[in-house]
Number of protein chains: 2
Amino acid sequence: MIPRGPDRGAVAVRIDAMESSSATSSGSTRREATRQKLYEAAVTLIAEQGFSATTVDEIAERAGVAKGTVYYNFASKSVLFEELLRHGVGLLTASLRDAAARTEREGGTKVDALDAMIRAGLVFIDRYPAFTQLYVAELWRTNRAWQSTLMMVRQQAVAVVEGVLREGIERGEFSDEIDVQLTAAALVGMVLVAALDWQAFQPERSLDDVHAALSRLLQGRVSGSHQGH
Amino acid sequence: MIPRGPDRGAVAVRIDAMESSSATSSGSTRREATRQKLYEAAVTLIAEQGFSATTVDEIAERAGVAKGTVYYNFASKSVLFEELLRHGVGLLTASLRDAAARTEREGGTKVDALDAMIRAGLVFIDRYPAFTQLYVAELWRTNRAWQSTLMMVRQQAVAVVEGVLREGIERGEFSDEIDVQLTAAALVGMVLVAALDWQAFQPERSLDDVHAALSRLLQGRVSGSHQGH
DNA sequence: GTTTTTGCACTGACCAGTCAGTTCAAAAAT
DNA sequence: ATTTTTGAACTGACTGGTCAGTGCAAAAAC
């Protein structure tokens with residue numbers, strides 16, 4: 001569809017410009033734009049329906065390109081998906097690291113850093129809910145082609161949280177009895193599930209509300225030794 | 001569900017006994033057994049591969065029955081899946097309620113109740129990892145046939161946690177400023193993700209380890225006003 | 001003798017991936 | 001400055017295969 005006339009060339013969408021590869025002076029911006037459109041189409045469809053239930057035809061149609069174009073740009077449906085995963089988690093990891101570094105620079109405590117990362121996580125999920133959804137849905141699946149990609153990418157993100165926890169223990173800010181790995185996983189889960197529930201079941205709430213609720217939990221002001229109210 | 005070897009009835013699992021329909025004295029146990037086998041086969045396959053990627057032939061084969069039997073017992077593949085969901089979440093909800101009630105009976109605090117529910121959640125996930133996996137993968141998907149079933153069933157489970165939180169606030173045991181819904185979601189997420197990570201990435205850890213880590217977080221002994229170590 | 005299961009052939013829809021051909025802007029040739 | 005060539009990007013009809021669901025007669029279980 002879309003005879004495309006003299007192709008008014010949708011000039012460079014510039015959605016984000018991650019590590020947008022080479023770009024040799026007269027770089028093929030066209031190709032990059034097409035790939036970006038395909039990512040965007042794929043992420044929502046796969047989040048809604050799952051990988052197998054989403055057809056390449058659907059992705060192509062929503063992106064407004066022909067099916068052949070998908071295969072011109074990606075070796076297969078799975079490869080498209082894998083690159084989508086890498087792309088998305090790259091954004092998240094960068095955002096988390098940034099939040100931690102910023103707190104550090106401003107002389108905050110490690111609790112402040114965790115809190116800032118919680119917020120960064122919420123902002124990310126708010127901006128890319130479909131990606132988050134799809135990530136969670138695939139993370140614990142076994143027996144799948146992109147299993148190893150997913151593991152690597154997960155480790156990348158969780159490592160940031162673990163790092164902050166470890167530094168906190170060294171500084172004596174956290175008890176040295178905490179289990180870094182499990183605690184990091186629990187924190188990630190807390191943010192992930194609360195945020196997805198927020199999006200799905202009470203989208204009218206503000207990000208600040210959600211952040212406040214999670215901060216409270218983090219700081220043990222829900223059930224810890226607390227002070228009246 | 002979940003094969004688990006030749007199933008020596010370990011600790012009286014009471015797999016069914018839910019609202020297992022009619023059962024007129026000489027109830028058709030045969031049919032029930034077949035359905036159970038199909039649930040068990042379906043749950044692992046779907047957890048591993050996802051709903052669409054799992055074929056009815058595979059389910060039948062793993063369950064050791066003919067394909068026709070699947071359709072004799074369930075109207076369609078989706079219906080089989082929906083009933084599986086109801087079945088599984090029914091078990092979880094019952095277990096959570098039981099944990100809360102037991103604590104109550106023994107005169108524990110509401111924090112104790114939450115703690116007991118965390119443990120009950122972990123035990124459930126430990127026993128039915130495939131179900132948990134599949135549940136998480138489907139929960140936030142939109143546009144799907146069983147979407148409404150899933151919402152009902154989710155609400156059922158989360159409501160138990162919300163109930164305990166509310167009672168805790170009434171009793172003045174928790175701050176009345178906490179957001180019940182968000183906090184409940186966050187707690188569920190904490191347990192869910194920590195447990196799935198435990199299963200997937202460090203299965204050698206004991207349930208007690210995981211429980212201890214989560215307890216600590218719940219009680220604010222990670223970053224709250226804590227006392228040395 | 002009724003209920004449940006089996007085995008298996010069949011259908012029709014659907015879908016990942018292919019490929020011969022088209023488009024067009026920029027480079028090269030004139 | 002005009003024509004020709006090039007090749008990266010894109011197209012969409014087509015293929016080979018898969019799979020949900022059906023139909024049914026005979027066997028097994030109860």
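Every chain is numbered from 1 and lettered A, B, ... according to where its sequence line falls, protein lines coming before strand lines. Bear in mind the structure is a predicted one, so any value in this text is a computation, not a measurement. The figures that follow rest on heavy atoms only: side chains count, while hydrogens, waters and symmetry mates do not.
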Counting primed atoms, P, OP1 and OP2 as sugar-phosphate and everything else as base, the B/S/- map of nucleotides 10-18 of chain C against protein heavy atoms under 4.0 Å is -----SBBB
Please state how far atom [atom1] in [X] lies from atom [atom2] in [N], giving the value in whole angstrom units.
| X | N | atom1 | atom2 | value |
| --- | --- | --- | --- | --- |
| Q49(B) | dC19(D) | CD | P | 10 Å |
| N73(B) | dT6(C) | CG | P | 9 Å |
| I59(B) | dG21(D) | CD1 | C1' | 13 Å |
| R35(A) | dC10(D) | CZ | C1' | 15 Å |
| F74(B) | dA20(D) | CZ | P | 16 Å |

Does V180(A) offer a backbone N or O that forms a donor-acceptor pair with the side chain of T183(A) under 3.5 Å? no
For the pair R205(A) (side chain) and W198(A) (backbone), establish whether a donor and an acceptor sit closer than 3.5 Å, ignoring hydrogens and angles.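 Flag not set: sc R205(A) to bb W198(A) has no pair under 3.5 Å.
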Shortest non-hydrogen contact from V89(A) to F131(A)?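 Distance-wise, the nearest heavy atoms are N-CZ, 3.5 Å.
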Of the non-hydrogen atoms in T142(B) and Q133(A), which two are nearest, and what is the gap between them? N-NE2, 4.4 Å
Within 45° of the six-membered ring axis of F51(A) and under 6.0 Å from that ring's centre, is NZ or CZ of R141(A) located there? no
I want to check one thing: is the phosphate of [N], taken as OP1 and OP2, less than 4.0 Å away from some side-chain N or O of [X]?
| X | N | answer |
| --- | --- | --- |
| Y72(B) | dT5(C) | no |
| T34(A) | dA9(D) | no |
| T69(A) | dA9(D) | no |

Set out, line by line, the N/O atom pairs under 3.5 Å between protein and nucleotides 27-30 of chain D.
none

Looking only at the aromatic ring of each residue, does the gap between the centers of Y39(A) and F74(A) stay below 6.0 angstrom? yes
Residue Q147(B) excluded, over 12 heavy atoms near CD under 6.0 Å: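 Enclosed: over 12 neighbouring heavy atoms sit under 6.0 Å from CD of Q147(B).
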Could you tell me if the side chain of V153(B) sits less than 4.5 Å from the side chain of Y135(B), heavy atoms only?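 They are in contact (side-chain heavy atoms under 4.5 Å apart), so the answer is yes.
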Should D115(A) and R119(A) count as an ion pair when the cut-off is N to O under 4.0 Å?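 The answer is no: the pair does not qualify as a salt bridge.
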If you measure from CZ on R35(B) to CG on L84(B), what distance do you get to the nearest 0.5 Å?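 The CZ atom of R35(B) sits 11.5 Å away from the CG atom of L84(B).
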Separation between CD of Q156(B) and OG1 of T93(B), rounded to the nearest 0.5 Å: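 Here the rounded value is 4.5 Å.
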With axes from five pairs an end, tell me the bend angle of the helix from dG1(C)-dC30(D) to dT30(C)-dA1(D), nearest 10°.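 What I find for the helix from dG1(C)-dC30(D) to dT30(C)-dA1(D) is an axis angle of 20°.
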Applying a 4.0 Å non-hydrogen cut-off, can you work out what V70(A) is touching in the nucleic acid: base, sugar-phosphate, or nothing?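 Nothing, no heavy atom under 4.0 Å.
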